[in-house]
S.K.: 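Starting off with a structure, shown below.
A note on names: the letters A, B, ... follow the listed sequences, proteins ahead of strands, and every chain is numbered from 1. On a predicted model such as this, the values are computed, not experimentally measured, just so you know.
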Amino acid sequence: MRTVGKSVIRKEAWDKVSGTARYTHDFQFTELLYAKMVTSPFGHAKIISIDTSEAKKMPGVRGVLTGEGLPLIGEAIKDRPPLAFGKVRYHGEPVVIVVADTPALAKKAADKVKIQYEQLPVVNSPAQAFQKGAPLVHEQLGKYKKDEDSYPVPGTNIATHLKIRKGDLTNFWKDVEFTVEGRYSFNPSDHVAMETRCSIAEITREGRILITTSSQAPFMAKRLISQYFNEPEGNIEVHTPLVGGAYGGKASVQLEVLAYLSSKAVGGRPVKLWNSREEDMITSPCHIGLDAKIKFGADRNGKIRAAEILFLWDGGAYSDKAIDLTRAGATDCTGPYGIENVWCDSFCMYTNHPYPAPFRGFSHSELSFAIERTMNLLAEKLKMDPLELRRINAIRPGDLTPTQVKLNKSNVGDLPACITKLKELIKWEEGEVVPVNDRIVKVKGISCSWKTSTIDTNAPSGAILTFNRDGTINLMSGVIEIGTGTKTVLAQILAERLKMDVNHIYVRMEVDTQTTPEHWKTVASRGTFMGGKAVLEAADDVIRQLKDIAACVLRAPIEDLEVADSRVFLRDDPEQGVHFKEICYGYTYPNGNAIGGQIIGRGNYILRGLTHLDPENGKGKPGPEWTVTAHGVEVEFDRKDLTYKLLRAVSVIDIGKVLNEKAAKGQVMGAMSMGLAFAGRETFVMDELGRILNPQLRTYRPLRYGEQPEYMVDFIETPQLDAPYGARGVGEHGLLGMPAALANALSKAIGVPIYHLPLTPELLWRTREGLLR
Amino acid sequence: MISFDFDYLTPTTMQEAAELFQRLDQEGKSPYYYSGGTELITLGRLNMAYSEAVIDLKNIPECHAHGLSGDFLVQGSALSLTAAEVANFFPFLTSVASQVADHTARGKITIGGNICAAIFYREAVLPYLLVDSTVIIAGNKGITAKKMSDAFKEKIQLKKGEFLVQLLTERKWLNAPFIHIKRRQQWQTGYPLITIAALQAEDGLRVGLSGLCPFPFRSAAVEAALNKKEFNREEKIREALKAMPSPILDDVEGSKEYRLFALRNLLEEILNWQEGGFKLENT
Amino acid sequence: MKTHNLVLRINGEDRQVTVRSADTLLYTLRGRLGLTGSKPGCLNGDCGACTVNVDGWPMKSCLMLAVEAQGKEITTVEGLHDAPIQKAFVEHFAFQCGYCTPGFIMNCHSLVNNHPGADDKKIKEWLESNICRCTGYAEIEAAVKEVLGKKS
């Protein structure tokens, strides 16, 4: 192949190293007004009164908004007031917005807003939310509008309930000789994209709603604003420039709505709403927390026969994307293992916590922590090598997934091959624990994972190709450049299909919903697959048009023509041909006659054969394919202090086909780094009032330079037959098994099973000493 | 984004600064001495610091003094932590300072700013506490010199309108054996769970701690326990732990119980270092 | 005075600007001078995305008032033109979303100029001042080491 597989430098690279790459907050103009939110200081409290009179009197203040009279919004269940009304349900929830001439004035005025609260009992964990008699986060749950496949239970804190019922339910534990059980939990945390979210909104005199936003889902923002506020879709234009990191957190639609309402409150003038870091962490959607209970039963050979799984997802104050996260958790609940009997209840629980957005891996790193710890418990009970236990149970073509999709050689990767590679890379034969001296040991932990992408069954992706008169091509796709390099990969796919130089392809980085064909959302590692399929179709469309004209010019049948190197030529006589530049805007004969005309390529893709899940047993096809992974982590552990250093981290991923090697490795290493930070350090620390005590980067600490391990990334290539060049999704997968692998290593190191995250030395100490709180 | 407005004043003499402060205070402007200024900027945007008149001390030459003079090392309060690290007159300070915040921030944070900070770690004070440096303080009534042991009780004891000008450290201390260990909640960055600094003096071990209590401190009782010749290691540690001031912090960095576990190990490390002839790597 | 008319020396040019005393250098660069290459990530001195060079040293521009920057030589990412570190970042894929990149580059630029022989410890000491959330830092390490390797 000419371009696919090569480490092509990303198209926006020099902009990004020169400061000319523009992100939403970089757009500024003199007539812009600035919005500032007033947010809740409590987890759960009744709003007694809101006094905005002083703020309104301040010079330079152009508008003050409260939640009164606004419709309820939300993706799956309309349970969320855009601004809190009646009561606040989480610390950081926006209550009032002030719009003023400058950021400083807006803040000054926001500080003058007086809100009186009366605190209410706080629901501080999903397990607590699940208890009978728990305080209710939503008293009116039964009255909310909702999607068909959300199943809230009025009078409780259950926002939805997904059931997986697979296999022999009457003799569920029949062949089981050994069982293990574990209860797991971790708090919500955050994505910490370096660019905090920002939206700019303006409403023109014609009623056009113009929004610029740092989002993974501008098309969804358009649809939702239309739906929430009865605005014609055609009136809404959403622009998204480069996005400064997203990881799922920018797939939720929140600031767009608030910026729109702010603009509306000031007669449509343009208003910018930009999150401070603190707001971005707690006011905007976070990374989901989980309480889980897992029970596995195996026969004496180590074959797992039955799995009983309970997930209580921390849906936070509002369900929004948590409904989908709960469903995704259910669909792949067992991890990548072929288990005949599966019983899973996946509940989305309302709590008084910030509500979750998708987070890289979409419930899979979270569920993998619980599943893979249980796998190690089982290995210990069976006195079996944990890697061997995984190999024995690895899901394979012919197996049924928890939602009863029959797997084949295309729709699932080769997990045993990943395990074999991992074994070699992490030097498993050295042993799990290798003493360095009487105090220090090197310890290894491993895990496996998998993931399908449970996106909307009818999610579309489109691409448009236009030509420049020199024969170069412009590529327009609705995929957002969030850092994954997907737009460059799309150019590679196009260059490969057209057999042309990738440097002759120009990629439009910005997306606007009016002129860019829709790509559903840039999530779920679907950009390359769906965007790539659309680009391939557009490329074929262009080839057909080019050949049509060239056939006339060359007076040859279409089937005799080839396209390569920006030319159309005769297969048997390549010198006889025309360059794109001679035909892409029509061919002009010497006498002035012209034929053909401007070539515009179009392509689209829609996933095929996906279904909703049966509400009684979960049966259905949630996603097109499963990427499988095997991971390992090695730490240097101090047995006295219980401190440790990350030495090595390994990910082996069946990627189908490597399209851009450095970019793919970069995606995987980045995801591993994020997974290790989530595993080892990142968590919201909450007090009994549901307040987050560490909403700053000095107290909530992502991995920093020098703390990272040596990364080892390797790929297995089992092609997904209907994907562009066989490629599978890979943007998320490096993360999936990191928390579990690290927890497995550290459980081994302290000799006591670990059930919680993050894996701080204090947690290790508490676990070892039996002092868990 | 600091939403309040303030006057920004740049006095060039100590007297001018002190007079400005007094006048602005009388005018009700909540004057604020500023050197690195990182705390005003970061707390100001959260409404946790406020002033209508900021007095920047960076243009006062005495606050920038840096070098050996007679028997003393003279360090101006407005020196950045990086400047002190680079010159490295006082390796103990270098070691402690080089773990405060991060390298870039240390180019802005000053010695005086760290010692006088509102945030309770104030780690840069530890070396000065242990060698009992002399503190030069300026105010409306002129200049006073105090021993650090008198000037610093949990925090720097400044009267209204006073500011820290210089730290004078006797030469004999500059190369005394020391150890400094900063233990964090996890890995190598972030606030201290506990920072311990120790120095071997002729009269015995001196020990300072930050992050254990909501203030940095040096305790005579703790040192007495660690220096008691009749005690074995275990007794030294046990008695030192008993002598710790209260309250022990219980916060997002770590619980009280865990801090005490970590502290015990750190005290052992200090004794190991002492018994091993002061040879351990500084960590 | 609560506002000031300043002349700041930025990227080799004298730039006139009116600021509030309370305006940070970052806000002034972005909001007043249109130099949006320096990025706000926390306004708290924690993330390093706003790092510029002041008299050749790295400085978090959110931690400096514009009034403090008078008389100093300020370099922002816009002031670099094909600096070796920029090229190395491109070739080593040392960024993904690119948001932390200007800050990282300015920190690395100052590091390679001030310490052309920097060892691992020195590199770590300097670069732990910035957060990159996309890469796992391996590519950044490769980029900065390539430039250091060529210098020493």
Side-chain angles (χ1 to χ4, degrees), chain A residues 34 36 58 100 102-112 274 276-278 439 638 640-646 676-677 679-687 692-709 758-766 768-769 771 773, chain B residues 1-6 38-39 41-48 50 52 99-105 109 117 119-121 181-194 196 211 249-269 272 280 283:
Chain A
Y34 297 85
K36 178 72 190 170
M58 289 182 63
T102 70
L105 283 173
K107 181 178 181 315
K108 207 181 252 183
D111 290 339
K112 299 277 186 200
W274 175 72
S276 69
R277 175 55 61 187
E278 290 84 351
R439 188 165 160 175
D638 183 330
K640 186 174 175 69
D641 278 342
L642 311 185
T643 54
Y644 63 95
K645 183 173 182 304
L646 300 170
L676 289 168
R681 187 157 67 193
E682 294 186 26
T683 184
F684 283 157
V685 181
M686 320 253 192
D687 70 5
I692 289 109
L693 304 178
N694 58 338
Q696 292 193 324
L697 298 178
R698 51 177 68 180
T699 42
Y700 181 107
R701 295 185 280 265
L703 211 67
R704 290 202 183 239
Y705 186 98
E707 294 178 322
Q708 80 275 15
L759 303 157
T760 57
E762 173 157 2
L763 177 82
L764 305 186
W765 176 74
R766 285 191 176 279
R768 193 187 67 175
E769 304 297 319
L771 294 172
R773 292 192 283 199
Chain B
M1 176 51 56
I2 301 172
S3 61
F4 54 86
D5 281 300
F6 51 79
T38 56
E39 204 159 84
I41 293 172
T42 55
L43 296 183
R45 73 182 186 88
L46 302 173
N47 302 335
M48 291 163 70
Y50 179 79
E52 290 168 25
Q99 298 283 312
V100 172
D102 60 55
H103 176 266
T104 306
I109 298 169
I119 186 151
F120 51 61
Y121 300 111
I181 306 169
K182 183 166 184 169
R183 188 75 74 227
R184 284 139 169 132
Q185 178 208 57
Q186 176 68 294
W187 300 322
Q188 295 150 49
T189 54
Y191 284 133
L193 176 77
I194 303 177
I196 190 163
L249 284 169
D250 191 352
D251 60 15
V252 297
E253 301 301 332
S255 66
K256 177 181 169 180
E257 302 79 40
Y258 178 65
R259 275 190 163 90
L260 290 172
F261 164 76
L263 177 61
R264 163 176 283 277
N265 286 344
L266 288 170
L267 290 173
E268 269 190 51
E269 301 253 355
N272 286 343
L280 271 182
T283 46

S.K.: Given a strict heavy-atom distance threshold of 4.5 Å, which part of A/Tyr700 is in contact with chain B: side chain, backbone, both, or neither?
M.R.: neither
S.K.: Given side chain to side chain contact (heavy atoms under 4.5 Å, CB included), test A/Tyr644 with A/Asp638 step by step and report yes or no.
M.R.: CA-CA 6 Å; A/Tyr644 63 95; A/Asp638 183 330; over 6 Å; no
S.K.: Check side-chain contact (heavy atoms from CB on, under 4.5 Å) between B/Ile119 and all other residues, then give those that pass, not counting sequence neighbours.
M.R.: B/Glu39, B/Ala117, B/Tyr121, B/Tyr191
S.K.: Given that the side chain runs from C-beta out, which part of A/Leu105 has a heavy atom under 4.5 Å from chain B: side chain, backbone, both or neither?
M.R.: neither
S.K.: Does any heavy atom of chain A fall under 4.5 Å from the side chain of B/Glu268, the backbone, both, or neither of them?
M.R.: side chain
S.K.: Among B/Arg264, B/Arg259, B/Gln185, single out the residue with the greatest number of heavy-atom pairs under 4.5 Å to chain A.
M.R.: B/Gln185
S.K.: With only heavy atoms counted, which part of A/Thr760 is less than 4.5 Å from chain B, the side chain, the backbone, both or neither?
M.R.: both
S.K.: Give, as side chain, backbone, both or neither, the part of A/Glu769 having an atom under 4.5 angstrom from any heavy atom of chain B.
M.R.: neither
S.K.: Among all residues two or more places apart in sequence or in another chain, which pass the salt bridge (Lys or Arg N to Asp or Glu O under 4.0 Å) test with A/Asp111?
M.R.: A/Lys107
S.K.: So what's closer than 4.5 Å to chain A heavy atoms on B/Arg45: side chain, backbone, both or neither?
M.R.: both
S.K.: May I ask you to say whether A/Glu707 pairs ionically with A/Arg701, meaning some side-chain N is under 4.0 Å from a carboxylate O?
M.R.: no
S.K.: Locate the shortest heavy-atom distance separating A/Leu642 from A/Trp765; write the atom from each residue and the value.
M.R.: CD1-CA, 3.4 Å
S.K.: B/Arg183 and A/Thr643: side-chain donor and acceptor closer than 3.5 Å?
M.R.: no
